[in-house]
Number of protein chains: 2
Amino acid sequence: MSVPTSVPDSETRLTADDHQALRLWLRLMACTTVIETEVRQGLAREFGTTLPRFDFLSQLDRVPEGLRMGELSQRMMVTGGNVTGIAAALESEGLIDRQPDPKDRRIYRVRLTNAGRRSFRRMAAAHEGWIVDLLAGLEDSQQAQLIELLAGLKKHVLARVQAEQ
Amino acid sequence: MSVPTSVPDSETRLTADDHQALRLWLRLMACTTVIETEVRQGLAREFGTTLPRFDFLSQLDRVPEGLRMGELSQRMMVTGGNVTGIAAALESEGLIDRQPDPKDRRIYRVRLTNAGRRSFRRMAAAHEGWIVDLLAGLEDSQQAQLIELLAGLKKHVLARVQAEQ
DNA sequence: TATTGTTATACTCTATAACTATA
DNA sequence: TATAGTTATAGAGTATAACAATA
């Protein structure tokens, strides 16, 4: 077995006296960046798509009745104009449709088409496979602990972010 | 105190029977996205800069002798052309300089200028402040555990990624 | 021939702000 | 007036591939 070369990365800038919070953040980002790069490459290579589009479709997959543009914007943490752009691209590919709400005609309800659902399910299966492969061999107990601790982190940080608005 | 509204996000798509690995990944990404959004906004608002540029400078800050373009590309996990573009922007702002290596004239050694170092240090201090504020109140012991566990995750994933190449 | 880095290209994502339509 | 969404704009980041210079 070959020992992987240790490539210094963004975390390398740390010294011992930095704040614990900063160390945690840089380590978190380093982990995410590595995995995310793999996912982006896989989506591009195997499906000719991008992470934001995959994310858009995944939001819709569990909500058969569809979502509004504004809800999508909030969930994806991007501004409204972007959602319009991504939605236009996905609509032109036939993966989603937009129905005006009969009660309030300012609102569009966005849903997956059947083709969109099939397409998304294939991507999601591949995505899950990449992740399972990447993490294969990491102790279940460690994964479980991380899931627990990250839940706490997420809740904490979200509360902070929303409090400052 | 107001209870933050729970906004469903990318993690919402999960159901109980999904793989643990996938749950871990989506939670990791959700945490990173929230913090990263804050950092991006802060860098844009207070310094008119971006995360990739900040990352570029931070790579150089701990390496007084400088780095090659290729090393920067590797550490930032982006392809070479991008590094050239970011370097050109930072050079035009006087934050870095590029010296050709006398031994091998294909190589450029990129270093922070004094102005670049001062500029970076101010940004880094603000950055650390944002992170410390965001995580303030999260148990030290939980932070320490996360740092430990994420070290294991990072090592594992990096080994996997490098093995597949 | 291989390596280092640049250039050219095309595309996606992003925020901001002005705008339209509806409530 | 306020809200939902679109459009227009401008800019940044990204990958790919062809390229030049050097080893």
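Letters go in sequence order (proteins before strands), and every chain restarts at 1. Remember, predicted model here, so these are calculated numbers, not experimental data.
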- [ ] In sequence, state the C-alpha distance, the side-chain angles, and the governing distance for B:Arg160 and A:Asp133, and then conclude on salt bridge (Lys or Arg N to Asp or Glu O under 4.0 Å).
- [x] CA-CA 8 Å; B:Arg160 285 269 159 177; A:Asp133 285 351; over 6 Å; no
TODO: Report the C-alpha separation of B:Thr33 and A:Met77 in whole Å, then their side-chain angles, then the decisive distance to 0.1 Å, and conclude whether the side-chain contact (heavy atoms from CB on, under 4.5 Å) test is met.
DONE: CA-CA 8 Å; B:Thr33 301; A:Met77 299 190 73; 3.7 Å; yes
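A heavy-atom distance below 4.5 Å is found between the side chains of B:Leu28 and B:Trp25.
Across the protein-nucleic acid pair, A:Leu43 atom CG and D:dA15 atom P stand 14 Å apart, rounded to whole Å. The CE atom of B:Met69 sits 19 Å away from the P atom of C:dT3 (whole-angstrom rounding). We find that CD1 of A:Ile107 is positioned 15 Å from C1' of D:dT6, with the value rounded to whole Å. Note: CZ (A:Phe54) to P (C:dC13) measures 14 Å, nearest angstrom. For A:Glu71 and D:dG5, the CD to C1' distance is 13 Å, given to the nearest whole Å. Separating the CG atom of A:Leu90 from the C1' atom of C:dT12 is a distance of 12 Å, rounded to the nearest angstrom.
When each of B:Leu90, B:Val63, B:Leu60 is tested with B:Leu112 by the rule side chain to side chain contact (heavy atoms under 4.5 Å, CB included), just one qualifies, namely B:Leu60.
Side-chain atoms of A:Asn82 and A:Thr79 include a donor-acceptor pair closer than 3.5 Å.
Looking at residues 97-106 of chain A, you'll see A:Arg98, A:Arg106 sit with a heavy atom under 4.0 Å from some atom of DNA chain D.
The pair A:Asp55-A:Arg75 does not meet the salt-bridge criterion, since no charged nitrogen lies less than 4.0 angstrom from a carboxylate oxygen. Ionic pairing of B:Glu128 and A:Arg23 is not present here: no N-O contact between side-chain nitrogen and carboxylate oxygen is shorter than 4.0 angstrom.
Environment of CD in B:Glu148: sparse, with no more than 12 heavy atoms of neighbouring residues, nucleotides or ligands closer than 6.0 Å.
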Hey, what are the protein-to-nucleotides 7-13 of chain D N/O distances that come in under 3.5 Å?
{"from": "D:dG13", "atom 1": "OP1", "to": "B:Thr50", "atom 2": "OG1", "distance (Å)": "2.5"}

